[in-house]
*Asks:* 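Below: one structure in structure tokens.
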Amino acid sequence: MLDRIQLSGYKSIKEMDLELGKLNVFIGANGAGKSNLISLFKLFNHLLSNNLQQYIAASGFADAILYYGSKRTPQISTTFYFTTLSGKNVYHMRLVNAAQDTLIFADEAISFSRDGIEGQAPIVSLGAGHRESKLLDEEQIISTANPKFNQKTARVIKSIMQRWRVYHFHDTSNEAKIKKQGYINDNRYLRNDGGNLAAFLYQMQQTDQKYYKRILTTLKSVIPFLGDFVLAPNAINPEYIILNWREQDIDTDTVFGPNQLSDGTLRLMALITLLLQPHPPELIVIDEPELGLHPYAISVLAALLKTVSRQTQIIVSTQSVTLVDQLEPEHIVVVDRVDDQSVFKRLNEQDLGSWLDDYSLGELWEKNVLRGRPSR
């Protein structure tokens, strides 16, 4: 579990020290900084794929990533604290502005403290001046003190962080991968845009019927016309598959394709599959999952988020009052723009006092009792 994030100098976030729970739902006005925090996890997805420099370039280079640009902010610093079954891990990195408007490591460091041993183990630097993470190259750690221990720590930290996944199912255009044929063996994990949904469901249908049926039953509760998916290799090219389906109680020979589903229905299929799969990531990050969904579907989604978060940590960014209405105060982190920076504050039920006797959380958000609304 990711317990705490310390972050400074990143986009609209000047300084942040945030403790996380199992379910963390970020609310706030447009431009408050919710998506900037989500993008931090995208940065780490690229960092742990040896593509940090590609991410920096695609994001507008260093000036667009540093808080108000490199003239005002020379570096980004972030520290993740997370627990495993055997102890506590720390990953720290500091990126500084460099030539050609990019960022390089001024420091990268790790630490592991075994349970049952008092105090925090010293943090071990992996060096400075590199352009890509040294977590990806264990040979780079040999020169440090106690290299075998630090190599194992780096391996564990890398493995955990590589399983943090950011999902964004917004693209349902005619060119979206979720609507096209995909490689049938691309099924190890659900891709961040849902582009391999057909292959992922097909693999589950073949090997994890219990989970497949659970997904289908949940979908039918929100999409009553759905009968079942029609998942089979392409007859001409069996290495490819597409997301076909049948209607409930209609001629069984009639098969429909993904282009005959609404945008919201497609997104809901991807969301429910993500949350109810047999082996979800340790940390799921979802950006505005409510887009295009009916209020009832959002209520079902909220219930799933609460249930699934008992075993998988979840971070969500939302603008949905309906979603917030289904949650508890401890699930909510309010994001406000204060003095030109993003400020993050977790709700506390005691602070809301008697307000909760008369109003739901969504109503309190609309009334600006929680803040997180546009203001000057």
*Asks:* Could R267 and F169 be counted as a cation-pi pair, given that NZ or CZ must be under 6.0 Å from the ring centre and within 45° of the axis?
*Replies:*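 Geometry flag: not set, cation outside 6.0 Å or 45°.
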*Asks:* State plainly whether the residues E288 and K34 are in salt-bridge range, i.e. N to O under 4.0 Å.
*Replies:*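 No, no charged N to carboxylate O under 4.0 Å.
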*Asks:* Please confirm whether the backbone N or O of V321 pairs with a side-chain atom of E366, one donor and one acceptor, at under 3.5 Å?
*Replies:*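 Flag not set: sc E366 to bb V321 has no pair under 3.5 Å.
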*Asks:* Using only atom types and a distance under 3.5 Å, with no angle test, would you say the side chain of H46 pairs donor to acceptor with the backbone of F41?
*Replies:*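 Looks like no, no N/O pair under 3.5 Å.
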*Asks:* Whether the side chain of S320 engages the backbone of E290 through a donor-acceptor N/O pair (distance < 3.5 Å, no angle test) should be reported.
*Replies:*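 Side chain of S320 to backbone of E290, a donor-acceptor pair under 3.5 Å: no, none is there.
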*Asks:* Please check this pair: side chain of N348 against backbone of Q350, looking for a donor-acceptor N/O pair closer than 3.5 Å.
*Replies:*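 Present.
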*Asks:* Going by atom types alone, do D107 and S125 pair a side-chain donor with an acceptor below 3.5 Å?
*Replies:*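 Yes, a side-chain donor-acceptor pair sits under 3.5 Å.
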*Asks:* Salt bridge or not for K345 and D336, using N-O below 4.0 Å?
*Replies:*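 No, this pair does not count.
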*Asks:* With a 3.5 Å distance limit and no angle check, can you tell me whether S8 reaches the backbone of E15 through a side-chain donor-acceptor pair?
*Replies:*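 Checking the backbone N and O of E15 against the side chain of S8, no donor-acceptor pair under 3.5 Å is found.
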*Asks:* Judged by atom type as modelled, is there a donor-acceptor pair below 3.5 Å linking the side chain of T307 to the main-chain atoms of A303?
*Replies:*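 Answer holds: yes.
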*Asks:* Between Y189 and R165, is there a cation-pi geometry (under 6.0 Å to ring centre, at most 45° from the normal)?
*Replies:*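 Ring-cation test returns yes.
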*Asks:* Using modelled atom types and a 3.5 Å cut-off, is there a donor and acceptor pairing between side-chain atoms of S39 and backbone atoms of K42?
*Replies:*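 Flag not set: sc S39 to bb K42 has no pair under 3.5 Å.
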*Asks:* Is it the case that Q319 and N30 place a side-chain donor and acceptor less than 3.5 Å from each other?
*Replies:*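 Side-chain D/A pair, Q319 to N30: present.
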*Asks:* Can you tell me if NZ on K213 sees more than 12 non-hydrogen neighbours from other groups inside 6.0 Å?
*Replies:*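 Check fails, neighbour count at 12 or below.
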*Asks:* Can the ring centroids of W245 and F225 be said to lie less than 6.0 angstrom from one another?
*Replies:*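 Yes, the ring centres sit under 6.0 Å apart.
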*Asks:* Can you tell which of L20, D17, L18 makes a side chain to side chain contact (heavy atoms under 4.5 Å, CB included) with R4?
*Replies:*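 Testing each of L20, D17, L18 against R4, the sole residue satisfying side chain to side chain contact (heavy atoms under 4.5 Å, CB included) is D17.
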*Asks:* Can you confirm if the aromatic rings of F80 and F44 lie within a centre distance of less than 6.0 Å?
*Replies:*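 Yes - the distance between ring centres of F44 and F80 falls below the 6.0 Å cut-off.
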*Asks:* I'd like to know if the side chain of E132 reaches the main chain of L52, judged simply by a donor and an acceptor atom lying under 3.5 Å from each other, with no hydrogens or angles considered.
*Replies:*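 Yes, E132 side chain to L52 backbone: donor-acceptor pair under 3.5 Å.
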*Asks:* For T273 and Q277, which I'm curious about, is there any donor-acceptor pair between the side chains at under 3.5 Å?
*Replies:*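 No donor-acceptor contact under 3.5 Å links the two side chains.
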*Asks:* Test your reading of the model: is there a side-chain donor-acceptor pair from S262 to the backbone of T265, 3.5 Å cut-off?
*Replies:*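 Indeed, once roles are kept as given, a pair shorter than 3.5 Å links the two residues.
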*Asks:* Any donor-acceptor pair under 3.5 Å linking the side chain of D171 with the backbone of S173?
*Replies:*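 Checked: pair present.
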*Asks:* Looking at E282 and R163, does any basic side-chain N land under 4.0 Å from a carboxylate oxygen?
*Replies:*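 A salt bridge is present here (some side-chain N lies under 4.0 Å from a carboxylate O).
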